[in-house]
Chemist: 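First the structure, which I've put down as structure tokens, then a few questions once you've had a look.
Just the heavy atoms: all of them, side chains too, but no hydrogens, waters or symmetry mates, feed the values below. Residue numbering restarts at 1 for every chain, and letters A, B, ... go by the order of the sequence lines. Bear in mind that the values here come from a model prediction, so they are computed numbers and not experimental data.
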Amino acid sequence: MPENQLATTTPIHSLDNKFARTIWASMLAPEHMQKVEAEVMERFIPAGAYVCRKGDTVDYWMGVIEGFLKMSSISPEGKTITFSCMLAGGWFGEGSLLKTESRKYDVVALRDTRVAYMPRSTFNWLLDNSIPFNRFLLQQLNERLGFFISLVEYDRMLDIDTRVARCLAAMFHPYLNPGSSMQLQISQEEIGYISSVSRQRANQALQVLEKKKLLSVDYGGITILDLEGLRKFPGEPGK
DNA sequence: GCATTAACAGCCG
DNA sequence: CGGCTGTTAATGC
């Protein structure tokens, strides 16, 4: 890890509560939350650095306190394949934690990011002791399942503008990434990776979506204007 | 036709 | 300067 970047990067000022944007934290009993706060560690990951790599052993459930991560891997041909993105309030890795298997993808910070690490022991303790926590996890798994089913669907039948629209809508999913602001710094190349299209085609799709007033394209980023509209794009035919 | 890669000029931080 | 954007040209399925 390039530690010299830690000193030069402006620190993200701490929120008084690192779980402010986390849904499950607001569901827990206060005494359970005390234990969590005592046992969860936080780490700063500078933009471009790996949080973890495919094949790593999985000892933590991880969450984004602030910043922006992508889950991806490199194909045998050397192409980058992005599966999903995590923004503030998003937690991930429960699949491998529950199955006790190695990490199935790389996780890379696309911007400076504060990551929370919950030890496996705490995670298991919550499973044993907190019904709200189980309920949250069940719903998260269900939301993810729906997301990946829609991925298969659009991979096979949707046009590219719609694909980009859905990928962006998924990134701002209110349950999986509840704390994200509607303004996000992300290059069009990364949007291409997420949607599995070329940068040039991603640019074209963004312009279409901007014309429909679903988002605005900023330099090096986008602002979501109509999340519901993105999810439903292209909407009624003939519009 | 439509998407992809390659290449390039222009812009921003 | 380095990274990102917006375009165009060449190539491929």
Side-chain angles (χ1 to χ4, degrees), chain A residues 1-13 44-51 53 64 66-88 106-115 148 150-172 177 180-227 229-239:
Chain A
M1 151 151 350
E3 296 197 26
N4 55 324
Q5 288 187 33
L6 290 175
T8 55
T9 310
T10 54
I12 305 166
H13 39 76
F44 176 79
I45 309 290
Y50 280 82
V51 176
R53 288 172 190 265
V64 176
E66 187 153 25
F68 182 19
L69 304 178
K70 70 170 177 182
M71 296 168 27
S72 62
S73 69
I74 311 280
S75 74
E77 300 81 37
K79 267 183 65 179
T80 298
I81 302 178
T82 299
F83 303 114
S84 177
C85 290
M86 308 300 308
L87 282 74
D106 297 327
V107 178
V108 183
L110 292 182
R111 303 189 51 197
D112 289 352
T113 300
R114 292 164 65 205
V115 179
F148 282 107
S150 79
L151 270 186
V152 175
E153 179 191 13
Y154 72 60
D155 187 56
R156 306 203 174 158
M157 54 194 282
L158 298 184
D159 72 29
I160 287 187
D161 294 339
T162 311
R163 219 150 97 184
V164 173
R166 286 225 197 155
C167 283
L168 292 175
M171 279 196 351
F172 293 86
N177 289 321
S180 45
S181 122
M182 289 297 107
Q183 203 286 328
L184 182 66
Q185 267 170 274
I186 179 175
S187 73
Q188 298 182 357
E189 185 170 31
E190 289 296 344
I191 292 175
Y193 288 144
I194 293 164
S195 317
S196 192
V197 298
S198 65
R199 175 179 72 79
Q200 290 85 339
R201 190 58 185 81
N203 171 268
Q204 200 178 315
L206 286 173
Q207 293 180 27
V208 168
L209 299 175
E210 185 175 43
K211 274 209 185 68
K212 297 271 170 100
K213 302 261 192 289
L214 300 176
L215 54 78
S216 69
V217 178
D218 321 320
Y219 195 88
I222 55 170
T223 303
I224 304 298
L225 300 177
D226 180 358
L227 184 55
L230 269 185
R231 217 168 51 72
K232 290 184 176 151
F233 183 86
E236 308 313 316
K239 173 73 204 299

Chemist: Between B:dT5 atom P and A:Arg199 atom CZ, what is the distance in whole Å?
Modeler: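 Rounded to the whole Å, the gap is 11 Å.
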Chemist: What's A:Ser198 touching, base or sugar-phosphate or nothing? Going by heavy atoms closer than 4.0 Å.
Modeler: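 It contacts base atoms.
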Chemist: Using whole Å, what does the distance between atom C1' of nucleotide C:dC4 and atom CD of A:Gln207 come to?
Modeler: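 Nearest whole value for this atom pair: 14 Å.
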Chemist: Calculate the interatomic distance between A:Asp161 atom CG and B:dC2 atom P; express it in whole Å.
Modeler: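 Rounded to whole Å, this separation is 12 Å.
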Chemist: Looking only at side-chain N and O atoms, does A:Arg201 come under 4.0 Å of OP1 or OP2 in B:dT4?
Modeler: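 The answer is no; no side-chain N or O of A:Arg201 sits under 4.0 Å from OP1 or OP2.
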Chemist: Could you walk me through whether A:Leu184 and A:Phe172 satisfy the side-chain contact (heavy atoms from CB on, under 4.5 Å) test, starting with their C-alpha distance in whole Å, then the side-chain angles of each, then the deciding distance to 0.1 Å, before giving a yes or no?
Modeler: CA-CA 10 Å; A:Leu184 182 66; A:Phe172 293 86; 4.0 Å; yes
Chemist: Can you check the A:Gln200 CD to B:dA6 P distance for me, whole Å?
Modeler: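 Rounding to the nearest Å, CD of A:Gln200 and P of B:dA6 are 10 Å apart.
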Chemist: Write down the distance between CD1 (A:Ile160) and C1' (C:dC13), rounded to a whole number of angstrom.
Modeler: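 Value for this atom pair: 13 Å.
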Chemist: Taking the side chain as every heavy atom from C-beta outward, state whether A:Gln183 and A:Asp218 have any pair of such atoms under 4.5 Å apart.
Modeler: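 Heavy-atom side-chain distance check passes, below 4.5 Å.
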Chemist: Going by modelled atom types, is there a donor-acceptor pair between the base of B:dC12 and the side chain of A:Tyr219 at under 3.5 Å?
Modeler: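 Answer is no: no donor-acceptor pair is held.
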Chemist: Can you check whether A:Asn203 has a side-chain N or O nearer than 4.0 Å to OP1 or OP2 of C:dT5?
Modeler: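 Negative; the distance criterion is not met.
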Chemist: Quick check: do A:Ser196 and A:Ile81 have side-chain heavy atoms less than 4.5 Å from each other?
Modeler: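 No - every pair of side-chain heavy atoms lies 4.5 Å or more apart.
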Chemist: Starting at atom CD of A:Gln185, determine the distance to atom P of C:dG3, rounded to an integer number of angstrom.
Modeler: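 Whole-Å distance recorded here is 16 Å.
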Chemist: Nearest whole Å is fine: how far is C:dT5 C1' from A:Asp218 CG?
Modeler: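 Roughly 13 Å, once rounded to whole Å.
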Chemist: Can you check the A:Gln204 CD to C:dT5 C1' distance for me, whole Å?
Modeler: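 In whole Å, C:dT5 C1' and A:Gln204 CD are 14 Å from each other.
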Chemist: Between A:Leu206 and A:Leu168, is any pair of side-chain heavy atoms under 4.5 Å apart?
Modeler: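 Yes, their side chains come closer than 4.5 Å.
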